[in-house]
Protein chains: 2
Amino acid sequence: MALKNKSLYAILGILNVSPGTGYDIKKYCDTVLLGFWNENFGHIYPTLKKMLSDELVEIDTSENNEKKILYRITPKGRLELESWLTEETELQPMRSEFMLKLLFSSGQPKEHIIKMLEDYKQIHVKKQEKYLAMQHDLEQGIEEISKERSRFLKAMLRRGILSCEATICWCNETMDAGL
Amino acid sequence: MALKNKSLYAILGILNVSPGTGYDIKKYCDTVLLGFWNENFGHIYPTLKKMLSDELVEIDTSENNEKKILYRITPKGRLELESWLTEETELQPMRSEFMLKLLFSSGQPKEHIIKMLEDYKQIHVKKQEKYLAMQHDLEQGIEEISKERSRFLKAMLRRGILSCEATICWCNETMDAGL
DNA sequence: GACATGTATATCACTCTGATATAAAATCCA
DNA sequence: TGGATTTTATATCAGAGTGATATACATGTC
């Protein structure tokens, strides 16, 4: 199977919520997707152009702001999104620079390894706090979202919180064990 | 800062354990690194060539198996590895296709979403079982490794186990909540 | 002896990344 | 009012990283 452009599906999914510019798509990834999906302009714009020629998206001409290009998903695009949504997801390979570095740190002084773990822990403590705050806001209903979508967002937040929890626990455990 | 070739550090770290071929490096990633670090031949071979011209590695001519190219880390390479080992590690962005798909599945039938979660859970149950078996083997001392390195391997395994645990818990919780 | 698997190197098209350039509009604040 | 900064917006580039594929010899096995 040929390599698949995954950004295409992210874009279809986002435009299916509401039409938007390339910039909007990037912003959506950085906020709503809670860091679970990274996207770059250097990939968004060329992909949008390709999607346009493949008729998966079209340009919304209602708002003709010269510079701004508003994309909308087409029925063909919705079909493509649906087919991705129903197909099985394979686990993608990981590249954890931290874990790589840790394994090769067996010769490093103990204090340095403890510092590594402490820094890593702090990053996840901060991340978890951010998720908890967002969870709180979502429960207070500060932002206007449909009940349906809010359930999915809550599940994603919960995932982030549990994942940080596991990492923090592991850091503590590993530091207590003396490496 | 320019984009950094991380494979270079993985290769330096591996060759610092013992000299090896490009093939050995790939095998090390697939086994010892427990899936925490993915590497491709398509990147290993060109990177090794570049490292050779940068004098970070050299060719071990003791075993002249014609076809086989045995690389060894140089003092310059060891210096480069050391500098990477002591510098801070930033958290790299994530791309979880599963989480992306989940968020866009709010319109899908409930049974389909439950199946998605169940499949995802099973993948992590299997993965955790594999880690547990390896942990058991390591404790039995089946493989010959130094005490020092074994401590680091145990920490990595523990990380994998806890991470799977968190994912499995989240899947159960999310399925029980009915979405 | 045929067939499959493992070891080994290499290349290709394509995906993805982060830096950088450019410029207009909105916001800040003094 | 005006200057400075931030936000919005598009675009390109070199280089990192991916997975498929080709080739070929060695080893194991049935």
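Every chain is numbered from 1, with letters handed out A, B, ... down the list of sequences. This structure is a prediction, so every number in the text was calculated from the model and none was measured.
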Fill in: For B:Pro109, side-chain contact (heavy atoms from CB on, under 4.5 Å) partners two or more places apart
B:Glu111, B:His112
Worksheet item: Does a salt bridge link B:Lys154 with B:Glu139, judged by any charged N lying under 4.0 Å from a carboxylate O?
Response: no
Fill in: From D:dG17, C:dC16, C:dA8, nucleotide with atom closest to A:Ser7 side chain
C:dC16
Practice prompt. Compare side-chain N and O positions of B:Asn5 against OP1 and OP2 of D:dG17 and report whether any pair is under 4.0 Å apart.
Written response: yes
Practice prompt. Let me see the working for B:Arg159 and A:Thr174 under side chain to side chain contact (heavy atoms under 4.5 Å, CB included), right down to the final yes or no.
Written response: CA-CA 9 Å; B:Arg159 170 93 211 259; A:Thr174 309; over 6 Å; no
Worksheet item: For the pair made of NZ in B:Lys6 and C1' in D:dT18, what is the distance, rounded to whole Å?
Response: 16 Å
Worksheet entry | Distance below 4.0 Å between A:Arg95 side-chain N/O and D:dA16 OP1 or OP2 | no
Discussion item. Tell me whether A:Glu58 is salt-bridged to A:Arg72, with the criterion being a basic N under 4.0 Å from an acidic carboxylate O.
Written reply: yes
Worksheet item: Which nucleotide sits closest to the side chain of A:Asn38: D:dG19, C:dT7, C:dT17?
Response: C:dT17
Practice prompt. Could you check whether A:Lys26 gets within reach of a base, just the sugar-phosphate, or nothing at all, counting any heavy atom under 4.0 Å?
Written response: nothing
Worksheet item: With a 4.0 Å cut-off on heavy atoms, is B:Gly22 in touch with a base, just the backbone sugar-phosphate, or nothing at all?
Response: sugar-phosphate
Practice prompt. Determine the contact category for B:Lys49: base if any of its heavy atoms lies under 4.0 Å from a base atom, sugar-phosphate if only primed atoms, P, OP1 or OP2 are that close, otherwise nothing.
Written response: sugar-phosphate
